[in-house]
Amino acid sequence: MSRPRNTGSFFWGFILIVVGTIFLLKNLGYEIPIWAGVARYWPVLLIVWGLIKLVDYGRWKKAGQPGPLFGAGEVVLLIIVILSGTALTAASNVGSDFDSFFEFAGVNILDITGKEYQFTEHHEQVVPSGSSIEIINRYGSVEVTPADTDQIVLEVAKSITASEEKLAEELSKDFNYSIVEEANRYRVISNYNRDDNRLRGRRFRTSLTVKVPKRSNVTINNRYGGVEISDITGDQHVENGFGPAVVSRIAGAVDIKNRNDRVVVEDVTGAAVIVNEFADVEVRRIGGRLELKDRNGNVEVEEVKGDADISNQFGSINLKDIQGALTVNARNTSVEALRVGGNVAVENQFHYVTLEDVKGTVSVVNRNGNVELRYTEPPRNNIRVTNKFSDVRMILPSSSSFSIDARTRFASVSTDFDELSARDEPDRNSLTGKVGSGGPEIRIENMNGSIHISK
């Protein structure tokens, strides 16, 4: 005999329909005090649930299969409902400003319904060319481009979520932007005050379009939106979170700190410093030195006239056309570098390293990943490779001249150059000798990985 169907499944389905209907009505503009009602009447849920369980228990007993009144999952859900309901009730009893109890980072995590109302602002101010300009935004995007004259032109697009348009208009009047001159700099900033109860617990989104003098040193502090700067002469500083940062065509230096979204930097005449986490970084055509630190994202760099210092974890590194020296500190990251004019130093773990057409000295320390060096022209500087638990391969032109001392343990050595002598022992193998007139020194130390020198 099969057990009668659990009435609770119908109950929870009904609850989902009711909750969805309430939130839909609130989104359509109806004033429904959702959280105040939940804080007061949530015990009704326990009462109805308990009655349903008693009905089910009676039906099961009559069918000869009583079983437990509550399953393990239902016990956990019951505890969560009681704790959450108690917390809501306690919060509502703290004071009349119930919503502020749940504010996180300036946004009420419970105020997730309502309609969005759009508002705009326009501000202008004449400023000297070459001014330092700071732009502060918290809940949207920022775009900076050059103005036709020496002035700041600010366009603000505000999106305010509220239960009705009248309330949104009042909030818009309380929340606005201005251009302020402070200590030889100009600030684009809002009057937002997290301690002002009229603004707490509301949803704001602000997108800023800012035109500045062509010659400007711009600093942007932003969150929860993208940042774009283009065609400006001067040093640019960006600090952003939860949005992409795109900086292009800058006659000056660039300093970017970003999180949780990609960074793209192109056509910068000066140096570039980039720090990013949890997203990719793309860099192209840098006129000075590049310093780049990334985590949990891929790195692509192309055309750097100065030195490049790259650090990354848990992604990939792909580099092309570095005119200066290259330093790479990586972990769990593949490293590929093509055409480097200066010296190269790479430290990596748990992934492969591939270098091609390096003009300067080479130093590679790696483990748990293959190392491959490719030369289309004979090397002119010393090469040193240390590796463990993976293979080392070097491809050289047949016209190359060099001396080599390559050793490995518990693996084989081989070469296409007849001038070199290989020595095989039970646990130690080596490849030594001189090709041509000698030239640079090549030293390879490996363990648990083979070594192959080919033409």
Side-chain angles (χ1 to χ4, degrees), residues 23 25-37 39 88 91-125 127 133-144 151-183 185-212 218-227 239-243:
F23 277 101
L25 291 174
K26 187 169 177 64
N27 285 341
L28 293 176
Y30 293 92
E31 185 60 31
I32 301 175
I34 295 177
W35 301 113
L88 285 170
S92 65
N93 292 330
V94 169
S96 58
D97 190 14
F98 175 39
D99 284 347
S100 66
F101 185 83
F102 298 95
E103 188 183 24
F104 177 74
V107 178
N108 189 322
I109 62 176
L110 302 181
D111 186 17
I112 59 176
T113 62
K115 292 183 63 176
E116 286 190 353
Y117 297 91
Q118 310 299 324
F119 303 90
T120 60
E121 295 181 30
H122 177 85
H123 304 276
E124 294 186 14
Q125 182 165 331
V127 301
I133 301 171
E134 181 180 12
I135 302 170
I136 300 175
N137 192 32
R138 286 294 182 268
Y139 301 109
S141 62
V142 176
E143 180 182 1
V144 178
Q151 62 177 340
I152 298 175
V153 180
L154 171 63
E155 303 287 349
V156 182
K158 294 187 294 186
S159 175
I160 299 178
T161 301
S163 58
E164 57 183 16
E165 185 174 5
K166 182 179 179 180
L167 178 58
E169 290 177 351
E170 293 177 358
L171 292 171
S172 178
K173 293 177 182 178
D174 290 338
F175 176 51
N176 48 69
Y177 277 78
S178 60
I179 303 171
V180 182
E181 182 178 2
E182 294 181 356
R185 66 173 177 173
Y186 295 86
R187 305 184 77 193
V188 175
I189 190 170
S190 75
N191 65 339
Y192 177 76
N193 182 356
R194 293 189 59 191
D195 295 327
D196 185 350
N197 288 333
R198 289 183 57 78
L199 300 183
R200 295 181 66 176
R202 300 295 173 182
R203 294 291 295 273
F204 294 94
R205 287 190 297 169
T206 53
S207 296
L208 309 185
T209 302
V210 188
K211 292 184 179 295
V212 300
V218 179
T219 298
I220 297 179
N221 191 327
N222 190 57
R223 293 188 69 185
Y224 303 107
V227 172
E239 186 170 346
N240 191 41
F242 305 99

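Positions are given from 1, in the same order as the sequence printed here.
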Residues which pass side-chain hydrogen bond (donor to acceptor under 3.5 Å, both in side chains) with Glu143, listed by chain and number, not counting sequence neighbours: none
Partners passing side-chain hydrogen bond (donor to acceptor under 3.5 Å, both in side chains) against Tyr186 (at least two apart in sequence or in another chain):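 Here no residue qualifies.
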Can you tell me how far [atom2] of [Y] sits from [atom1] of [X], rounded to the nearest 0.5 angstrom?
X	Y	atom1	atom2	value
Arg223	Glu239	CZ	CD	9.5 Å
Asn176	Phe119	CG	CZ	12.5 Å
Lys211	Gln151	NZ	CD	10.0 Å
Lys158	Tyr117	NZ	OH	15.5 Å
Gln118	Arg205	CD	CZ	7.0 Å
Ile133	Ile220	CD1	CD1	10.0 Å

Listed partners of Glu134 passing salt bridge (charged side-chain N to carboxylate O under 4.0 Å, His left out), at least two apart: Arg185, Arg187
Main-chain N/O of Asn240 paired to Asn222 side chain as donor or acceptor, under 3.5 Å: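 Checking the backbone N and O of Asn240 against the side chain of Asn222, no donor-acceptor pair under 3.5 Å is found.
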Side chain to side chain, Glu121 and His123, heavy atoms closer than 4.5 Å: yes
Residue of the set Ile179, Ile152, Val212 for which side chain to side chain contact (heavy atoms under 4.5 Å, CB included) holds with Val127: Ile152
Trace of the side chain to side chain contact (heavy atoms under 4.5 Å, CB included) decision for Asn137 with Tyr177: CA-CA 10 Å; Asn137 192 32; Tyr177 277 78; 2.5 Å; yes
Shortest non-hydrogen contact between Arg138 and Tyr224, atoms and distance: O-CD1, 3.2 Å
Closest heavy-atom pair and its distance - Val180, Ile189: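 For Val180 versus Ile189, the nearest heavy atoms are CG2-CG2, 4.5 Å.
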